[in-house]
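First the structure, in the form of structure tokens, and then the observations on it.
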Amino acid sequence: MEKSEKLERKINKIKGKTIALVYIFEGDNSSGFEHFFIWKSNVITNWMNAIQELHCLPLILDVRTFVEKAINKTLPHIDFVLNMNSGTYNLSSMALVPATCSSINVPCIPCSAESIVVGENKLLSNLIAHAIGLNVPKTLNIKNKNGIFRPINLGNSLGVTRGINKNYKDGIYQEFIAGYELTTPISYNVITNKMELLPSVIYLPENQDLNWYNNQKYKQLRQGYKMKKVNLDKKIITKYQELVNTISLKNFCRIDARVKCTEKGYYHNLKNDKILFDDTYFIEVNVMPTIRNNNNFCFSFDAIDEKDSFYSLIKIYNQLFDSININSFLLANSMLAHL
């Protein structure tokens, strides 16, 4: 009981904090302009609501205003910065907000500039994943037309194509793993004081095509597939936690992989599936994942049950706050990671 009361007192300390929600506006000539309007209405609003649900105070700033005020020392008091970068900018711009936060000594959620430079660079993150022992698809020669191309520094699956994409200069070209896409959200857990995995989600295309992958088109449409909770081999869990610690991720993130499969419809038909380490191939770590209605994070959060490490923490949150959902859950965890 004493331990529980101590935890509740710590959680209550986040109430009343001022959180600057810093968003990046994309100009009408940028590659992500169309995506921005969806992102702005569905993403920023949910985070604003989460700030209020945690009894905190929101301060809404675009990135230009935030940086200018930080340089001129005219920012009002803020306790945390929530970095709302949609991931359609080049890497150098993506690290601007947390770098500015570092200069004014304000914690940035969800990650630091160093983590962005390493984690969002697909070449570096693949090298690190390989070094710690995760399976990584082999690199292909550009003459091989059966691979998959991913730009090094862009998010939201921009430019991801089967075969070489000549519209992008820098990218990685790897073997395409026939099977299914697997995504694993990860968050700080104040009870264990470490990064823990939320339930993993596998994408199952309705046509059961083993060559299907969740590209930019499907991410925008959000149809043509269903999501399903699956269990991971303990070795995958251990390696994922090692990867997160290596890149110094301390708030929340997401790791994407491909599950190799030769039998069409295999995961559609079985219950209580367990994903084996030898069948799992690392694709990327998303250090600034987009949280939006009904996406993989939401599905994973809703799938938490008594067997999951976050179950007891959610019960405490529900007692201390008016409501708790995926946004307020991640935000509370992230703030507590810095206290």
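- Checked by atom type and distance alone, the side chain of Asn121 never pairs as donor or acceptor with a backbone atom of Val117 at under 3.5 Å.
- Atom CD1 in Ile14 sits 7.5 Å away from atom CG in Leu339 (nearest 0.5 Å).
- Considering only heavy atoms from C-beta on, Asn325 stays 4.5 Å or farther from Asn46 through its side chain.
- Hydrophobic clustering of Ile, Leu, Val, Met, Phe, Trp and Tyr side chains at less than 4.5 Å, counting indirect connections, keeps Ile109 apart from Leu57.
- By the criterion of side-chain heavy atoms lying less than 4.5 angstrom apart, applied directly or through intervening Ile, Leu, Val, Met, Phe, Trp or Tyr residues, Val244 is grouped together with Leu330 in one hydrophobic cluster.
- One N or O on the side chain of Asn207 and one on the backbone of Asp209 form a donor-acceptor pair closer than 3.5 Å.
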Could you walk me through whether Phe149 and Ile142 pass side chain to side chain contact (heavy atoms under 4.5 Å, CB included), step by step?
-> CA-CA 9 Å; Phe149 176 88; Ile142 60 173; over 6 Å; no

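- Within a 6.0 Å sphere centred on NE2 of His130, heavy atoms belonging to other residues, nucleotides or ligands number 12 at most.
- In plain terms, the two heavy atoms of Pro205 and His268 that are nearest each other are O-NE2, 3.0 Å.
- Counting heavy atoms from C-beta outward, Asn333 and Phe252 have side chains that stay 4.5 Å or more apart.
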Side chain to side chain contact (heavy atoms under 4.5 Å, CB included) assessment of Ile19 paired with Met335 = CA-CA 10 Å; Ile19 303 173; Met335 295 168 68; 3.7 Å; yes

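- Between Tyr317 and Phe329, the ring planes are perpendicular. Angles over 60° get that label, and only those under 30° would be called parallel.
- The two atoms that bring Cys111 and Asn251 nearest to each other are N-OD1, 4.3 Å, heavy atoms only.
- Of the inter-residue distances, the one linking Lys239 atom NZ with Leu134 atom CG reads 7.0 Å to the nearest 0.5 angstrom.
- Residues Ile304 and Ile191 fall within the same hydrophobic cluster, defined by Ile, Leu, Val, Met, Phe, Trp and Tyr side chains chained together at heavy-atom separations under 4.5 Å.
- Checked against a 6.0 Å centroid threshold, the rings of His338 and Tyr188 do not count as neighbours.
- With values rounded to the nearest 0.5 angstrom, Leu59 atom CG is found 4.0 Å from Leu61 atom CG.
- A distance-only check finds a donor-acceptor pair linking the side chain of Arg162 to the backbone of Asn146 [under 3.5 Å].
- We find the CG-CG distance between Leu54 and Asp322 to be 9.5 Å, quoted to the nearest 0.5 Å.
- Ile324 and Leu7 fall within the same hydrophobic cluster, defined by Ile, Leu, Val, Met, Phe, Trp and Tyr side-chain heavy atoms under 4.5 Å apart, directly or through other members.
- With respect to Ile236, the side-chain contact (heavy atoms from CB on, under 4.5 Å) criterion is satisfied by exactly one of Leu276, Ile275, Asn135, Asp279: Ile275.
- Here OH of Tyr23 is found 9.0 Å from CZ of Arg64. Values are rounded to the nearest 0.5 Å.
- The only option from Glu181, Glu284, Glu175 that meets the salt bridge (charged side-chain N to carboxylate O under 4.0 Å, His left out) definition with Arg258 turns out to be Glu181.
- Minimum heavy-atom separation, Ile247 to Ile128: CG1-CD1, 4.5 Å.
- The environment of NZ in Lys260 is sparse: at most 12 heavy-atom neighbours from other residues, nucleotides or ligands sit within 6.0 Å.
- In this structure, Met48 and Leu21 approach most closely via the heavy-atom pair CG-CD1, 3.9 Å.
- One N or O on the side chain of Asp62 and one on the backbone of Thr65 form a donor-acceptor pair closer than 3.5 Å.
- Side chains of Phe176 and Leu140 form no contact here, defined as non-hydrogen atoms less than 4.5 Å apart.
- Between Met84 and Met288, every side-chain heavy-atom pair lies at or beyond the 4.5 Å cut-off.
- Nearest approach of Ile104 to Ala70, heavy atoms of both residues: CG2-CB, 4.1 Å.
- In this structure, Ile291 CD1 and Leu331 CG are separated by 11.0 Å, a value rounded to the nearest 0.5 Å.
- Among all heavy-atom pairs drawn from Asn83 and Cys108, the shortest one is CB-SG, 3.8 Å.
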With side chain to side chain contact (heavy atoms under 4.5 Å, CB included) as the test, would you mind laying out the steps for Phe297 and Val201 before giving the verdict?
-> CA-CA 9 Å; Phe297 263 88; Val201 178; over 6 Å; no

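- The shortest distance between side-chain heavy atoms of Leu313 and Ile11 falls below 4.5 Å.
- For Lys264 (side chain) and Leu210 (main-chain N/O), no donor-acceptor pair under 3.5 Å exists by modelled atom type.
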Given Ile78 and Phe66, is the side chain to side chain contact (heavy atoms under 4.5 Å, CB included) satisfied, shown in steps?
-> CA-CA 11 Å; Ile78 54 176; Phe66 170 69; 4.2 Å; yes

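- Looking at heavy atoms from C-beta onward, Tyr225 lies out of side-chain contact with Ile202 at the 4.5 angstrom threshold.
- Listed for the Ser102 side chain is no donor-acceptor partner under 3.5 Å among the backbone atoms of Pro98.
- Geometric assessment of Lys226 against the ring of Phe299 yields a negative cation-pi assignment under the 6.0 Å and 45° thresholds.
- Between the side chains of Asp256 and Asn286, no donor-acceptor pair of N or O atoms lies under 3.5 Å.
- With contacts defined as side-chain heavy-atom distances shorter than 4.5 Å, the pair Phe310/Ser187 qualifies.
- Not one N or O on the side chain of Arg150 forms a donor-acceptor pair closer than 3.5 Å with the backbone of Tyr173.
- Within the 3.5 Å criterion, the main-chain N or O of Asn296 finds no donor-acceptor partner in the side chain of Ser300.
- The cluster map of Ile, Leu, Val, Met, Phe, Trp and Tyr, joined by side-chain heavy atoms under 4.5 Å apart, puts Phe282 and Ile132 in the same cluster.
- In this structure, Tyr203 and Trp212 have tilted ring planes: the angle between them lies in the 30° to 60° band.
- When atom types are taken as modelled, the side chain of Lys17 and the backbone of Phe80 share no donor-acceptor pair closer than 3.5 angstrom.
- In this structure the side chain of Asp233 never reaches within 4.5 angstrom of the side chain of Thr280, judged on heavy atoms.
- Lys229 places no side-chain N or O within 3.5 Å of a backbone atom of Pro199 that could act as its donor or acceptor partner.
- Remark: Lys10 NZ is packed, more than 12 non-hydrogen atoms of other residues, nucleotides or ligands lying under 6.0 Å away.
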